[in-house]
Amino acid sequence: MADLLAEHAEALRRRLEDWSYQYYVLDAPTVSDAHYDAAFGELQRLEAEHPGLLRSDSPTQRVGAAPLPEFAQVAHAVPMLSLSNAFSVAEVHAFDQRVRDGLGRDLVRYATEPKFDGLAISLVYENGLFVQGATRGDGTHGEDVTANLRTVRAIPLRLRGDPVPARLTVRGEVLMFKRDFALLNERQVANGDKTFANPRNAAAGSLRQLDPRVTAGRRLRFFAYGIAESPAQHGLDSHSAVLDWLRDLGLPVCAERRVAVGAPGLLDYFAHIGALRPSLPFELDGVVYKVDSLTDQQRLGFIARAPRFALAHKYPAEEANTEVLAIDVQVGRTGALTPVARLRPVSVGGVTVSNATLHNEDELRRKDIRVGDHVVVRRAGDVIPEVVTFIAAQRPAQAEPYRMPTRCPVCDSAVVRLPDEAVARCSGGLFCPAQRKQALVHFASRRAMDIEGLGEKLVEQLVDAGLADTPAGLYRLQLDQLVALDRMGERSARNLLDALDRSRSASLDRLIFALGIRNVGETTARDLARRFGSIAALTEASEEALLQVRDIGPVVAWSIRQFFDEPHNRAVVHALLAAGLHCVPSAAEPLNELAPLRGKTFVLTGSLPALTRDEATALIEAAGGKVIGSVSRKTSFVVAGAEPGSKLARALELGVPVIDEQQLRALAAPLQG
DNA sequence: GATCCTCGAGTTCT
DNA sequence: CTCGAGGATC
């Protein structure tokens, strides 16, 4: 009976181990979580009822150890080295050159792998059992985090295969997947705990918990990338063979590793991983190149504390630390007050960042950024920099929470924040010079009246000089008035007048959009132009008539009616018509029965090889399709180019078909015959 | 009343 | 690109 039970327990343990192995090492789960949990529960029950069956390598022993008073120090028998870094193509060539010189060879084979952005650790296995795990520390001494590492399911408690080495020290990285990081932060917010700035901090914080039960609740991952002992002992002669062997022993090894030849091969790999980066489940800060042959590695040896046979080639940092010099408030076209952090300029992701939006009062309060704070700035896959968090340890004692102004910093009008709205607004309307300026900038912008040469700087001058207060004023500008302005010669002045003249015949949808009516953007403007046909008809349209338009509800109808009821706005519209604007709706395309993309919606992400975003949009619309901004279940296709953003991931998640430019052209091409 | 889909608005730097 | 919010739909 006891034997039967022992056999059953062992079978359960094996099965649970196999499932973890399939999940973490083979990256091919074979059972559901519920299934796993059921078997796990059964084993737990069995072991509780028959303590004699308990074994230290049982999956049930990953959780539940008592908190430690502190971590013990561990000496690394073989030191954990660091790697030399490279940031440029030239440095990679120089590295390859040094290696070739050192070996007296023309072409060198390298093992290449991602450089994870996590924590380096060392795992000791004796006779196949996990006995000790430690952090890197200073390279020679680290902290004993065995109890915490036991809770990491990707780390096998028992090696697979037969025979297993008597002693093996595995080197690798503990990290947190982006997805698990996001979930953790959500949970932290829900519990009122502080959030982590990035997956690496979250992994570090989780691993250095004195209470292993906390670590167990965090989903940490592990990838092995080497061993401390001489691989020759195990009959291995290359780094890639070591990794294959580790995988056979049941240790997770990154699937993105390759073998590359020569500097061009290395740079190819760097570009390949760079393109893959946004879609990988984990963060990485670069890639690692290692001479593959172990005898060659030995011949090259070490310099100082880094091997001469390896190089970390890093991507430009997506994150940097800097200081908040000031928090200013900008006033937008609609009067929205936007707090902006002025930063000590810092290089992030290859560009210098000196400003970052703090969005609005709620966001600012949530992040609690203060003047004088040291902050983490991120410029990830997307382009726009973001202040992620402040660094508590470096907060100056006198720093005070930021308070939004109660009066507009530009015109001193009262600031109002409507209940249920996130934004605070200046109530000054067009009395506020900032709003007037922004209204003009919007009017002239490319998607509106497209007045070339009329940008922010020039608008600033015109308004300050009192030359133009409203869009209508622009059309009364004279050559001599313009030439009197700074940095404006006769040539530029004539160009501007020409551009203004061209805009007199812009399409009606552009004009409606250009007026800057609240809640009326490009799409709504186009719908309005189609329905009403002239600016005069729109001016007189009743709320009931407006509500008839598709996608216009009470709020938007009210905004439009409100706009045209304002005498000042009516005056501007009249003045525009008097100035000779003769806008007509762009001919509604005959909705051809044969339009190949009729009723289809598209989302664009990344940069396409031959088409710009606008060209791709035009192509789709010409074929009767529609381009929208975000992916949903109803989206027909996602068109992905180079360096796609999160929309690609979302498309894959929702099972929306993903196509490239080539396929888009094929779809949009008129049907033959 | 809840949920999903779109649109609008604001934003950085070269 | 992301958020917030309007509108439509169940």
Side-chain angles (χ1 to χ4, degrees), chain A residues 182 278 316 318 320 322 328-343 345-364 366-367 377-388 417-426 434-435 438-439 441-442 445 447-448 455-456 509 512-528 546-560 601-607 613 626-636 638 643-650 654 656:
Chain A
E318 292 188 328
T322 187
D328 287 349
V329 170
Q330 279 176 0
V331 183
R333 170 167 68 88
T334 63
L337 297 192
T338 307
V340 181
R342 307 292 176 198
L343 306 168
V346 65
S347 171
V348 192
V351 301
T352 306
V353 171
S354 42
N355 303 309
T357 176
L358 297 165
H359 294 112
N360 56 51
E361 196 173 1
D362 291 348
E363 173 89 353
L364 185 49
R366 198 158 53 74
K367 289 187 174 166
V377 176
R378 176 185 305 152
R379 189 174 167 277
D382 46 339
V383 193
I384 296 174
E386 167 195 29
V387 176
V388 183
R417 185 172 164 191
L418 298 177
D420 306 338
E421 277 202 5
V423 286
R425 292 194 148 87
C426 158
Q435 293 189 50
Q438 290 303 315
V441 169
H442 171 74
S445 67
R447 312 199 79 94
E456 191 132 2
D509 17 324
I512 294 172
F513 174 55
L515 291 175
I517 304 165
R518 277 284 278 287
N519 302 315
V520 175
E522 264 181 299
T523 310
T524 309
R526 189 153 62 181
D527 291 344
L528 290 169
L546 291 164
L547 282 168
Q548 299 307 306
V549 182
R550 185 180 58 94
D551 285 342
I552 290 186
V555 175
V556 179
W558 187 85
S559 298
I560 298 169
T601 56
F602 291 78
V603 172
L604 305 173
T605 181
S607 36
R613 262 189 126 68
K626 195 171 174 192
V627 176
I628 57 173
S630 59
V631 184
S632 72
R633 242 176 294 277
K634 283 196 183 169
T635 308
S636 316
V638 167
E643 295 185 45
S646 58
K647 290 190 258 189
L648 176 59
R650 178 135 177 87
L654 295 179
V656 172

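Just so we're on the same page: letters track the sequence lines, and every chain starts at 1. On a predicted model such as this, the values are computed, not experimentally measured, just so you know. Only heavy atoms go into these numbers, but all of them, side chains included; no hydrogens, no water, no symmetry mates.
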Inset, instruction - For S630(A), report the nucleic acid contact type (base, sugar-phosphate, nothing); a contact means any heavy atom under 4.0 Å. - result: base
Inset, instruction - May I ask you to decide whether E522(A) forms a salt bridge with R526(A), counting only side-chain N to carboxylate O separations under 4.0 Å? - result: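 Here E522(A) does not pair with R526(A) in a salt bridge, since their nearest N and O are not under 4.0 Å apart.
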Inset, instruction - Please confirm whether the backbone N or O of K626(A) pairs with a side-chain atom of T601(A), one donor and one acceptor, at under 3.5 Å? - result: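 Side chain of T601(A) to backbone of K626(A): no pair is present.
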Could you check how far [atom1] of [X] sits from [atom2] of [N], rounded to whole Å?
| X | N | atom1 | atom2 | result |
| --- | --- | --- | --- | --- |
| L528(A) | dG8(B) | CG | C1' | 14 Å |
| D527(A) | dA8(C) | CG | P | 11 Å |
| I628(A) | dT2(C) | CD1 | P | 15 Å |
| E386(A) | dC13(B) | CD | C1' | 17 Å |
| R447(A) | dA9(B) | CZ | C1' | 13 Å |
| L364(A) | dC3(C) | CG | P | 16 Å |
| R378(A) | dT2(C) | CZ | P | 12 Å |
| H359(A) | dA9(B) | NE2 | C1' | 11 Å |

Legend entry - Single hit among L358(A), N355(A), V329(A) for side chain to side chain contact (heavy atoms under 4.5 Å, CB included) with V340(A):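 Only one option passes, and that is N355(A).
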Taking the side chain as everything from C-beta on, heavy atoms only, tell me whether [X] gets closer than 4.5 Å to [Y].
| X | Y | result |
| --- | --- | --- |
| Q438(A) | V331(A) | no |
| L528(A) | I560(A) | yes |
| R417(A) | D362(A) | yes |

Are [X] and [N] close enough that a side-chain N or O sits under 4.0 Å from OP1 or OP2?
| X | N | value |
| --- | --- | --- |
| Q330(A) | dG10(B) | no |
| S354(A) | dT12(B) | no |
| T352(A) | dC13(B) | no |
| S632(A) | dT6(B) | yes |
| R518(A) | dG8(B) | no |

Between the protein and nucleotides 4-7 of chain C, are there any N/O to N/O pairs under 3.5 Å, and if so, what are the atom names and distances?
{"residue": "dA5(C)", "atom": "OP1", "partner": "D420(A)", "partner atom": "O", "Å": "3.2"}
{"residue": "dA5(C)", "atom": "OP1", "partner": "A422(A)", "partner atom": "N", "Å": "3.2"}
{"residue": "dG7(C)", "atom": "OP1", "partner": "G553(A)", "partner atom": "N", "Å": "2.6"}
{"residue": "dG7(C)", "atom": "OP1", "partner": "G553(A)", "partner atom": "O", "Å": "3.1"}
{"residue": "dG7(C)", "atom": "OP1", "partner": "V556(A)", "partner atom": "N", "Å": "3.2"}
{"residue": "dG7(C)", "atom": "OP2", "partner": "V555(A)", "partner atom": "N", "Å": "3.2"}

Tell me which nucleotide among [options] gets nearest to the side chain of [X].
| X | options | answer |
| --- | --- | --- |
| P385(A) | dG10(B), dT12(B), dC7(B) | dT12(B) |
| N355(A) | dT12(B), dG8(B), dT6(B) | dT12(B) |
| T524(A) | dC1(C), dC7(B), dC13(B) | dC7(B) |
| K626(A) | dC5(B), dT11(B), dC7(B) | dC7(B) |
| K634(A) | dT6(B), dT14(B), dC1(C) | dT6(B) |

Inset, instruction - Could I get the full list of ring-ring contact (aromatic ring centres under 6.0 Å, His included) partners for H359(A), not counting sequence neighbours? - result: none
Inset, instruction - Evaluate the criterion side chain to side chain donor-acceptor pair (under 3.5 Å) for residue pair T334(A) and R518(A); output intermediate values, then yes/no. - result: CA-CA 7 Å; T334(A) 63; R518(A) 277 284 278 287; 5.1 Å; no
